[in-house]
Amino acid sequence: MGTLDAGGNTVTGSSTPVTLSITTPAGATLLCAVNPVTAGSGVASFAGCAIDKAGTYTLTATSGALTAAVSNSFTITVGSATKLAFTTSPSSSTAGTAFGTQPVVSVQDAGGNTVTGSAASVTLTITAAGGATLTCSANPVNASSGVATFAGCNIDKAGTYTLTAASSGLTSATSTSLTITPGAATKLVFTTSPSNSTGGIAFGTQPVLTVQAAAGNTVTSSTAPVTLSISGAALTCTANPSSASSGVSTFAGCNIDKAGTYTLTAASSGLTSAVSSSVTITVGSAAKLGTTSLSNGVINTNFGTQPVVAVQDAGGNTMSTSSVAVTLTITTPAGATLTCSSNQRNASSGVASFYSCKINTAGSYTLTATASGLTNAVSNNFTIS
């Protein structure tokens with residue numbers, strides 16, 4: 001490109017800077033190795049010039065007060081497919097719910113022009129999954145006229161993500177960031193089920209419940225009260241119900257009194273209940289005594305119902321192998337005397353049965369059963385007349 005005088009002669013002494021621009025840009029960009037270029041001997045030689053968008057163009061050369069020059073018209077065509085680009089990135093959503101705005105990926109040449117002849121297979125993945133799963137109606141999707149349009153895409157776990165679009169032989173593309181929130185609380189889940197134990201002894205592993213949305217995300221804003229229950233035995237906990245904190249309800253001191261196999265049910269208003277894995281309660285070590293109820297009686301006459309004392313674990317289960325010696329006394333004798341055919345009795349299969357027991361003085365009484373190393377048992381109150 002030369003600097004000319006009015007007669008069209010090159011002004012060889014000129015060193016004016018010359019700038020090129022696209023006369024009809026239509027959103028395109030002109031790139032050159034250097035722009036502007038300073039004329040040498042009246043000539044400005046440009047190098048490496050390229051236009052990024054397909055179309056028909058002219059270039060305009062300008063320099064200060066000099067009359068501008070316009071090139072001939074020329075055409076830029078779409079090049080070979082080299083890369084992918086997210087022309088539409090997905091919008092934020094709730095876990096397990098389809099993005100309101102679904103991803104659209106274009107197959108492009110080096111200048112960013114859509115290669116309309118491409119039917120490349122495009123696959124979406126989560127850039128940093130962190131255990132999350134991306135689900136779409138179809139994945140991969142074949143481009144149509146160079147554009148792959150996805151539908152039904154969602155992510156199941158709360159978090160912040162980007163998506164990566166990939167296709168063989170093409171440079172991958174990464175979407176803008178999107179945030180997945182947990183959604184509304186719908187259900188309870190045992191994140192920790194209780195461990196096996198013995199009757200009346202706290203589980204070594206205590207139950208933990210989480211309040212979750214439909215897709216399984218913990219609803220950290222929830223403070224829902226959670227109640228545990230079983231059937232066929234008594235469940236005792238330090239606190240029951242236990243209110244969730246940041247969507248998690250952690251129980252403590254929970255135990256079941258009777259030997260057997262159980263599952264625990266967790267419930268909270270408006271949420272789907274959860275059932276724990278199976279827990280087995282076995283008979284534990286001898287811890288206490290337990291007595292049957294006694295009926296009212298008459299002075300110096302054998303009780304109508306004779307005392308029976310069981311050797312029990314902490315949960316009240318009879319120790320069938322125990323043979324400890326059990327002794328009965330009047331809890332509040334007030335001068336009365338208790339006599340039995342034998343007093344002390346060795347338990348047989350965990351049970352000490354007394355016979356011919358009677359009291360010689362009218363009054364209201366309870367009996368105390370004792371055995372070495374075990375917690376005493378006190379009978380019901382009964383009357384001797």
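The basis for the numbers below is simple: all heavy atoms, side chains too, and nothing from hydrogens, waters or symmetry mates. Not measured: the values here are computed from a predicted model.
A ring-centre distance under 6.0 Å is not found for Phe251 and Phe203.
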Got a list of side-chain donor-acceptor pairs under 3.5 Å for residues 64-73, not counting sequence neighbours?
{"residue": "Ser71", "atom": "OG", "partner": "Leu59", "partner atom": "N", "Å": "2.8"}

Name each donor-acceptor pair under 3.5 Å that joins a side chain in residues 213-233 to protein atoms two or more places apart or in another chain, with its distance.
{"residue": "Asn217", "atom": "OD1", "partner": "Ala158", "partner atom": "N", "Å": "2.6"}
{"residue": "Asn217", "atom": "ND2", "partner": "Asp156", "partner atom": "O", "Å": "2.8"}
{"residue": "Ser222", "atom": "OG", "partner": "Ala224", "partner atom": "N", "Å": "3.2"}

Using a 3.5 Å cut-off and no angle test, enumerate the donor-acceptor pairs between side-chain atoms of residues 133-149 and protein atoms at least two apart in sequence or in another chain.
{"residue": "Ser137", "atom": "OG", "partner": "Ala151", "partner atom": "O", "Å": "3.2"}
{"residue": "Asn139", "atom": "OD1", "partner": "Leu124", "partner atom": "N", "Å": "2.9"}
{"residue": "Asn139", "atom": "ND2", "partner": "Leu124", "partner atom": "O", "Å": "2.9"}

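Judged purely by distance below 3.5 Å, without hydrogens or angles, the side chains of Ser277 and Ser193 pair a donor atom with an acceptor atom. Using modelled atom types and a 3.5 Å distance limit, the side chains of Thr181 and Thr94 yield no donor-acceptor pair. Between the side chains of Thr127 and Thr162, at least one donor N or O sits under 3.5 Å from an acceptor N or O.
In this structure, the side chains of Asn343 and Thr327 come closer than 4.5 Å at one or more pairs of heavy atoms. Using a 4.5 Å heavy-atom threshold, the side chains of Val248 and Leu209 count as separate. Side-chain atoms of Leu84 and Ser106, non-hydrogen and from C-beta on, never get closer than 4.5 Å to each other. Looking at Ile180 and Ser93, their side chains come closer than 4.5 Å, going by heavy atoms from C-beta outward. Considering only heavy atoms from C-beta on, Ser242 stays 4.5 Å or farther from Thr250 through its side chain. Looking only at side-chain heavy atoms (C-beta outward), Val279 and Thr261 stay at 4.5 Å or farther from each other. At least one side-chain heavy atom of Val308 sits under 4.5 Å from a side-chain heavy atom of Val351. Residues Thr205 and Pro194 are not in side-chain contact: their nearest non-hydrogen atoms beyond the backbone lie 4.5 Å or more apart.
Side-chain N or O atoms of Ser89 include none that pairs as donor or acceptor with a backbone N or O of Ser175 at under 3.5 Å. With Thr87 contributing its side chain and Val104 its backbone, the two residues share a donor-acceptor pair below 3.5 Å. A side-chain donor-acceptor contact under 3.5 Å links Thr82 to the backbone of Ala110. Side-chain atoms of Asp109 do not come within 3.5 Å of backbone N or O of Val78 as any donor-acceptor pair. Side-chain N or O atoms of Asn154 include none that pairs as donor or acceptor with a backbone N or O of Ala98 at under 3.5 Å. The closest donor-acceptor contact from the side chain of Thr238 to the backbone of Ala252 lies under 3.5 Å. Side chain of Arg345 to main chain of Ala352: no donor-acceptor pair is present (N/O by atom type, distance under 3.5 Å, no hydrogens or angles). Remark: side-chain polar atoms of Thr210 are not paired, donor with acceptor, to backbone N or O of Gln212 under 3.5 angstrom. At least one donor-acceptor pair closer than 3.5 Å links the side chain of Thr23 to the backbone N or O of Thr60.
A tilted orientation is assigned to the rings of Tyr57 and Phe74, their planes being inclined by 30° to 60°.
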- [ ] Please step through side chain to side chain contact (heavy atoms under 4.5 Å, CB included) for the pair Phe46 and Val18, ending with a clear verdict.
- [x] CA-CA 9 Å; Phe46 288 81; Val18 179; 4.3 Å; yes
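Shown are Thr361, Asn360, Ile359; of these, the side-chain contact (heavy atoms from CB on, under 4.5 Å) with Thr337 is made only by Asn360.
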